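Here the structure is a predicted model, which means the values were calculated and not measured. Just so it is clear: chains get the letters A, B, ... in the order the sequence lines come, proteins before strands, and each one is counted from 1.
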Amino acid sequence: MNSIKKRVIMHIDFDYFYAQCEELRNTSIKDKPVVVCVYSARGNDAGAVSTANYNARRYGVKSGMPIRFAKQRLKYTNAIFLPVDHAYYDEISNKAMEIIRSFADKFEYVGDDEAYIDVSNTTNGDFDKARELALIIKNEIRRVLHLSISIGVAPNKLIAKIASGYQKPDGLTIVKPSEVNNFIADMNVDAIVGIGKKTRERLIEMNIRTIKELAKLDVYTLMNEFGRKNGIYLYNSSRGIDEEEVKEEQTVTQFSKIITLKEDKNDINYMINDLNYLTNELHKIIVNNGYSFRNVGVIVVLNDLNIRSKSKSLKRISNSNEDLYNIAKTLLEDIMSDKPIVRRLGVKVSELVSSKGQDTLLKFIR
DNA sequence: GTATGCTTTCGGC
DNA sequence: TTACGGCCGAAAGCATAC
């Protein structure tokens with residue numbers, strides 16, 4: 001029968017992924033706090049924490065934290081600090097994704113440690129079968145790769161994503177269609193992807209904090225307050241409704257490259273070498289992936305960690321290194337006109353067009 | 001006024 | 001006491017056109 005079938009969507013999330021990878025190749029560190037770090041060029045342990053295992057998290061260590069802060073917190077432990085090794089993590093990620101894909105009707109890669117799969121056909125819309133399948137996937141990933149993952153199973157991507165984070169690590173949370181509304185009712189509105197700080201604050205002003213409170217508003221009020229598109233989105237998602245498909249091919253939208261300067265600079269003349277390096281490296285990435293770009297941006301992080309950015313859309317697409325450098329230089333001159341003290345410098349390109357692409361080309365012919 | 005698209009900032013991992 | 005990456009996509013802010 002080809003009638004309408006209940007959708008069964010899984011969101012799969014690898015637990016503390018980078019740190020877990022490190023535990024894999026050196027099992028002796030497993031019982032210690034493990035902190036995977038991105039060290040900057042400044043030495044002295046300058047840099048930030050990328051991921052930490054749960055032994056480290058118990059001490060309040062979390063991603064984004066300065067490395068030296070993490071060291072302070074773990075001073076009296078036998079903690080292990082390691083530099084990120086993306087090549088190695090990618091290798092493991094690829095193997096894991098291959099296994100997950102083999103169980104999926106449709107597979108969507110989200111990142112190194114995250115994927116959605118649609119298993120509506122495989123499970124015939126049956127959430128009990130879905131639970132068995134999720135356990136099989138977890139077991140298979142554990143058997144082959146010795147890796148633990150968390151899975152959320154739900155009727156759509158929105159709820160599956162919330163469910164995978166509901167119990168971690170090594171979690172499995174099933175939310176059947178009839179359970180969706182109870183599952184989200186008491187959560188804060190920002191559990192919904194798409195509700196950020198501003199929207200949350202505007203809702204708080206309307207005396208709305210939880211999803212069930214949000215669901216009491218009618219769609220006209222929401223459209224009036226947040227615009228047509230956002231209003232409808234809020235109306236639906238507060239009811240656990242989300243029609244987004246699991247997309248086999250999700251397209252890259254930007255590439256960027258950012259570095260921490262060896263020392264703070266407030267003079268563009270001392271930043272030109274770095275800018276040249278960044279645009280050259282970024283250009284290699286663009287070319288290697290077979291893209292052209294229509295937007296160039298420059299990002300600067302000041303010594304007080306405030307951020308400034310400028311970007312520019314091009315009249316026509318380009319893939320030239322000269323264009324990239326010249327535009328980036330102009331943007332940087334603009335940013336540096338009042339001589340702020342700069343700590344980090346980055347360049348990005350967006351509005352990408354695959355050079356081999358067919359359909360994508362059409363919309364750029366004017 | 002609203003919808004759309006472009007620019008800038010935010011936030012997760 | 002302080003301490004601070006490198007990416008990405010999403011959200012927010014703003015400009016422009018009807």
Rounded to whole Å, the CG-P distance (Leu74(A) to dA3(C)) equals 19 Å
- Identify whether any heavy atom of Lys310(A) sits under 4.0 Å from a base atom; if not, whether one sits that close to sugar-phosphate; answer base, sugar-phosphate or nothing. sugar-phosphate
Judged by nearest nucleotide, the residue sitting upstream toward the 5' end of DNA chain C, Arg343(A) or Ile285(A), is Arg343(A)
Practice item. Under 4.0 Å between any heavy atoms, over every strand shown, what does Phe255(A) touch: base, sugar-phosphate, or nothing? Just pick one. Key: sugar-phosphate
Atom CG of Leu302(A) and atom C1' of dG5(C) are separated, to the nearest Å, by 16 Å
Axial cation check for Tyr116(A) ring with Lys157(A), 6.0 Å and 45° limits:
yes
- Query: Which part of the nucleic acid, if any, lies within reach of Ile67(A) when heavy atoms closer than 4.0 Å are counted: base, sugar-phosphate only, or nothing?
  - Reply: nothing
For this session: For Ser63(A), answer base if it contacts any base atom (sugar-phosphate contacts may also be present), sugar-phosphate if it contacts only those atoms, and nothing otherwise; contact means non-hydrogen atoms under 4.0 Å.
Result: base
Q: Quick one: sort the Tyr291(A) and Phe255(A) rings into parallel, tilted or perpendicular, breaks at 30° and 60°.
A: perpendicular
Practice prompt. Kindly confirm or rule out a cation-pi arrangement of Arg239(A) over Tyr235(A), judged by NZ or CZ under 6.0 Å from the six-membered ring centre and within 45° of its axis?
Written response: yes
Q. Within the structure shown, what part of the strands sits under 4.0 Å from Ser40(A) by heavy-atom distance: base, sugar-phosphate, or nothing?
A. sugar-phosphate
ask   = Strictly by modelled atom types, are Asp170(A) and Ser148(A) linked by a side-chain donor-acceptor pair under 3.5 Å?
value = no
- Does the pair Val36(A) and Phe17(A) meet the rule for a side chain to side chain contact (heavy atoms under 4.5 Å, CB included), with working shown? CA-CA 10 Å; Val36(A) 178; Phe17(A) 183 53; over 6 Å; no
Closest to the side chain of Lys348(A), out of dG5(C), dT8(B), dA3(C), is dT8(B)
Handout entry: Geometric cation-pi criterion Arg101(A) and Phe107(A), 6.0 Å radius, 45° cone
Key = yes
Counting just side-chain N and O atoms, does Thr253(A) come under 4.0 Å of either OP1 or OP2 of dG9(C)? yes
When rounded to whole Å, the CG to P distance for the pair Leu222(A) and dT2(B) reads 15 Å
Check: Touch check for Asp45(A), heavy atoms < 4.0 angstrom, all strands: base, sugar-phosphate only, or nothing?
Finding: nothing
Q: Please work out if Gly346(A) contacts a base, only the sugar-phosphate, or nothing of the nucleic acid, heavy-atom cut-off 4.0 Å.
A: nothing
query: Taking only side-chain nitrogens and oxygens of Ser313(A), does any of them come within less than 4.0 Å of OP1 or OP2 of dC6(B)?
result: no
Just to be sure I understand the rule, does Ser309(A) reach a base, reach only the sugar-phosphate, or reach nothing, if contact means heavy atoms closer than 4.0 Å? base
Asp113(A) atom CG is separated from dC7(C) atom P, nearest whole Å, by 17 Å
* Asked: Is any side-chain nitrogen or oxygen of Arg294(A) closer than 4.0 Å to OP1 or OP2 of dC6(B)?
  -> yes
Base, sugar-phosphate or nothing for Arg344(A)? Non-hydrogen atoms, less than 4.0 Å.
base
Worksheet entry | Rounded distance in Å between the P positions of dC13(B) and dC4(C) | 24 Å
To the nearest angstrom, the CD1-C1' distance between Ile258(A) and dC8(C) comes to 12 Å
Asn295(A) atom CG is separated from dT9(B) atom C1', nearest whole Å, by 15 Å
Taken to the nearest whole Å, CZ/Arg200(A) to C1'/dA12(C) is 14 Å
Assert: residue with more 5' nearest nucleotide on DNA chain C, out of Thr199(A) and Gln254(A), is Gln254(A)
| message | Is the phosphate of dT8(B) approached by Ser311(A) (side-chain N or O, under 4.0 Å from OP1 or OP2)? | response | yes
Closest to the side chain of Gln72(A), out of dT2(C), dT7(B), dG6(C), is dT2(C)
Any base atoms under 4.0 Å from Asp112(A), or only sugar-phosphate, or nothing? Heavy atoms, all strands.
nothing
To the nearest angstrom, the NZ-P distance between Lys62(A) and dG5(C) comes to 18 Å
- request: Please state whether the phosphate of dA3(C), meaning OP1 or OP2, lies under 4.0 angstrom from any side-chain nitrogen or oxygen of Asn44(A).
  value: no
> Do the charged groups of Asp85(A) and Arg25(A) touch, with an N to O distance under 4.0 Å?
Replying inline: yes
- Task: For Val193(A), report the nucleic acid contact type (base, sugar-phosphate, nothing); a contact means any heavy atom under 4.0 Å.
- Result: sugar-phosphate
